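Source: prediction; values computed, not measured. Ligands are counted one by one from 1 in listed order, and the atoms in each one are counted from 1 as well.
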Amino acid sequence: MTATPWNRIEFEQQLRERGRSYHIHHPFNVMLNTGRATPEQVRGWVANRFYYQIAIPIKDAAVMSNCPDAAVRRGWVQRILDHDGFELNGITDPGGIEAWLRLADAVGLTREEVQDQRHVIPALRFAVDAYVNFARRAPWQEAVCSSLTELFAPEIHKQRLATWPEHYGWIEPGGLHYFRSRVSQARRDVEQGLAVTLDHFTTRAQQERALEVLQFKLDILWAMNDAMALKYGVSNP
Ligand SMILES: O=C(O)c1cc(C(=O)O)c2c(n1)C(=O)C(=O)c1cc(C(=O)O)[nH]c1-2
């Protein structure tokens, strides 16, 4: 007998419950956001996370390249502009990658040492590349679903905004702009990603597959933190 599909509310609830394995709970992130990280650990995190930042718009271009639905692409293209920036009708937005470089400057890293990726740990690179490769090869609806870790991202950005200024007075506050901008962008992304996921994964087997895909992405973020914990160390409370 095949299992009954969850209705939309139950399915969304199942997806949201996966937040229990979000990297917000990883010891390395807990250390960072409770003010126990050294400047070297913060710099290591910023320099390594840059590799994720530059991979995201490439991943989003991969999603679009596999998607035959123009209405979805019209919404999705905004994600590339969010990260790469744009100049249109006299309006300039330098974008998220540039904002991340501003963060790097604020924590005392040079643009050069971040952009040349000298600090990027091999295991972290493999984890991020797995995400991009998944988006290139998977059906586009699965790639959309894999972005749903963003359900949990506003909370982690808000945590940084709440705790970093207090604990890390040595970080120039303007550098935190990236986190502020992502709170609303992530909510908008999730609205679109969730609509596609709830519409597409309708049988119970498909819904179980969606949960597997989301877990795969959660594992990528977790593995990135494992790599940084191994290289930079973790201090326990
Ligand atoms: O700082 C974080 O912990 C965090 C996590 C995630 C995420 O959950 O994948 C994203 C971001 N930040 C982020 O800034 C971002 O632009 C982003 C895009 C995506 C995606 O999968 O398309 N995830 C995330």
Within the protein, residues bringing a heavy atom under 4.0 Å of ligand 1, chain by chain:
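Within 4.0 Å of ligand 1, protein side: Y22, H23, R49, Y52, I56, K59, H83, Y131, S147, T149, E150, I156, H157, R160, Y178, R182, K217, L221.
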Other residues, nucleotides and ligands only: do more than 12 of their heavy atoms fall within 6.0 Å of CD on E87?
no
Inspect the surroundings of CZ in F86 and state if more than 12 heavy atoms from other residues, nucleotides or ligands are less than 6.0 Å away.
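Atom CZ in F86 is packed in, count exceeds 12.
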Kindly state each residue pair satisfying ring pair (Phe, Tyr, Trp, His ring centres under 6.0 Å) with at least one member in residues 209-237, sequence neighbours excluded.
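Listed by first then second residue: H26-W222, F134-F216.
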Check the side chains of R49 and Q53 for a donor-acceptor pair under 3.5 angstrom, ignoring hydrogens and angles.
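Yes, R49 and Q53 have a side-chain donor paired with an acceptor closer than 3.5 Å.
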Any chance the side chains of D189 and Q185 put a donor and an acceptor closer than 3.5 Å?
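Short answer, no.
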Would a 4.5 Å heavy-atom cut-off, applied to side chains only, mark V120 and F50 as touching?
no
